[in-house]
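Notes follow once the structure below has been shown.
Chain identifiers are assigned alphabetically (A, B, ...) following the order of the sequence lines, protein sequences preceding nucleic acid strands; residue numbering begins at 1 within each chain.
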Number of protein chains: 2
Amino acid sequence: MSEHFIELNEMFQRTKDGIHNFMNILTPRIENAKDDHERLYYHHIYEEEEQRLDRLNALIPKIEYFLEHNVPKTAENTDFIRLLQDISLEKFGLHNFLEHLDLSLFSFKDTEYAEQLHQMRNITDNDYQSIKGILNDLNQQFDGAASAAGSIPTDEKENVHDNLKIEKYTNTKAEPHSHQPSQPVKENKTLKRLTVGSLKEN
Amino acid sequence: MSEHFIELNEMFQRTKDGIHNFMNILTPRIENAKDDHERLYYHHIYEEEEQRLDRLNALIPKIEYFLEHNVPKTAENTDFIRLLQDISLEKFGLHNFLEHLDLSLFSFKDTEYAEQLHQMRNITDNDYQSIKGILNDLNQQFDGAASAAGSIPTDEKENVHDNLKIEKYTNTKAEPHSHQPSQPVKENKTLKRLTVGSLKEN
């Protein structure tokens, strides 16, 4: 499991660089917007990525702590399970970044930034496939506990009609990250215990 | 404090209705988009609000549990503090919804949905001011613990230059929600203890 956390740590550091680069690209668009609509549009994407940066800046030290200390890696350790759930939210965050980059590739396609955005897009796509594989492993290992509400994009939901999805995001498969065969998580006992049930009366 | 949780519960139920209405308005735009760029744009906003809906569907039962049971409301109860932090993330979520609605008011301004979007925008703006006041109170009461990473929008950050902000979001004040004078939170001891420090070695 340490390999997963080393890989996640590297991935989150990499996407932090991506956020900083992306914010730098968006800044002149916000500052030089031709009208209020355009200004709000670029500001809005900037703000969402800055929020993701804030979340990652809080999450990365927790992963590093986990790597450096002998933390119990069990479903009974609620702090550990919450760390897994925070990671699963950053899975959604990477998918969302991919869509921000793809949206930007439309409006920056004839600019000097197109190539850089394209590279960031491909790195993010690879990282997204990797984190999906890692979370599949962790969910198998911890009875579905590493799956927070809000971690699955519309594009991958089974109960959403295809006409609301974007095809290029739906037909990707997670890379294998373990030797065990990938099994869908049917029940989520640990997650349920950690949400409402964990607010115990004392 | 129960009054705050009753108000938050009502607010989150109200914004859930808002999300459903908004998703219904966006659906035909996704289905009938004139090109891939437009389709991705509306899909992307739809997906972000659907994710917010997933988060709220997980959060509301926790608030209801808190209202119905005698849960210890102390800084030592990590489940309670995490609940406050989850609520603070939904403060950002409401700000983000406000920007989604304001963006949509540009592209839907000559449609039958303009009035409905405008009403939703004003309701969301009011709710955002209310949740800011509630979180100010809770942060005073719990030493800044009700303040998760990613809860403060770019528009309200002190270390961000004004040219990256949207003025109409920066000059709003939180409504008072307690009899105590509003004090800035200078230190965040409880939050720190709950992040890295809470992954204790056993």
Side-chain angles (χ1 to χ4, degrees), chain A residues 27 30-31 36-37 39-41 43-44 46-48 50-59 61-62 64-66 69-72 77-80 82-83 89 92 95-96 99-100 102-103 106-107 148-155 157 160 163-166 195-202, chain B residues 27 30-31 36-37 39-41 43-44 46-48 50-59 61-62 64-66 69-72 77-80 82-83 89 92 95-96 99-100 102-103 106-107 148-155 157 160 163-166 195-202:
Chain A
T27 294
I30 302 168
E31 292 174 336
D36 287 348
H37 187 182
R39 182 170 161 81
L40 177 57
Y41 174 76
H43 160 85
H44 179 69
Y46 180 102
E47 186 170 65
E48 288 184 343
E50 193 182 55
Q51 196 230 6
R52 191 165 74 95
L53 184 62
D54 289 344
R55 295 197 316 257
L56 288 167
N57 280 334
L59 179 59
K62 295 188 209 176
E64 288 172 344
Y65 188 95
F66 177 90
H69 297 78
N70 185 25
V71 179
N77 182 353
T78 55
D79 288 319
F80 171 66
R82 285 211 173 80
L83 176 62
L89 277 178
F92 184 92
H95 173 87
N96 211 43
E99 291 196 0
H100 282 162
D102 280 342
L103 276 170
F106 285 108
S107 48
S151 63
I152 300 174
T154 304
D155 293 303
K157 287 189 175 175
V160 172
N163 59 359
L164 290 172
K165 300 175 181 175
I166 304 290
T195 50
V196 173
S198 64
L199 294 165
K200 289 193 189 75
E201 295 176 79
N202 279 10
Chain B
T27 294
I30 302 169
E31 292 174 335
D36 287 348
H37 187 182
R39 182 171 162 80
L40 178 57
Y41 174 76
H43 160 86
H44 178 69
Y46 180 102
E47 186 171 64
E48 288 183 344
E50 194 184 54
Q51 195 230 7
R52 191 164 74 93
L53 184 61
D54 290 344
R55 295 196 316 258
L56 288 168
N57 281 334
L59 180 60
K62 296 188 208 175
E64 288 172 345
Y65 188 96
F66 177 91
H69 296 78
N70 186 26
V71 179
N77 182 353
T78 55
D79 289 320
F80 171 67
R82 284 212 174 79
L83 176 63
L89 277 178
F92 184 92
H95 174 86
N96 212 43
E99 291 197 359
H100 281 162
D102 279 342
L103 276 170
F106 285 108
S107 48
S151 64
I152 299 173
T154 304
D155 294 302
K157 287 188 175 177
V160 173
N163 59 359
L164 291 171
K165 300 176 181 175
I166 304 288
T195 52
V196 173
S198 63
L199 294 166
K200 287 192 192 76
E201 293 174 78
N202 279 9

For the candidates B:R55, B:H95, B:H37, which exhibits the highest count of non-hydrogen atom pairs separated by less than 4.5 Å from chain A? B:H37
Tell me, out of B:L164, B:D54, B:I30, who's got the most heavy-atom pairs with chain A below 4.5 Å. B:L164
Whether A:K165 side chain and B:H43 backbone form a donor-acceptor pair below 3.5 Å: no
Which portion of A:L89 sits near chain B, non-hydrogen atoms under 4.5 angstrom: side chain
I'd like to verify something: which residue of B:N96, B:L56, B:N57 has the highest number of heavy-atom pairs under 4.5 Å with chain A? B:N96
If you draw a 6.0 Å radius around CG in B:N163, do more than 12 non-hydrogen atoms from other residues or ligands fall strictly inside? yes
Does the ring center of B:F66 lie less than 6.0 Å from the ring center of B:F80? yes
Do A:E31 and A:R39 sit within salt-bridge range, that is, some charged N less than 4.0 Å from a carboxylate O? no
If you tally heavy-atom pairs under 4.5 Å between each of A:H100, A:E64, A:R52 and chain B, the highest tally belongs to A:H100
Check each atom of B:D155 against the heavy atoms of chain A and say whether the ones under 4.5 Å are side chain, backbone, both or neither. both
Are B:Y41 and B:Y46 close enough that their ring centres sit under 6.0 Å apart? no
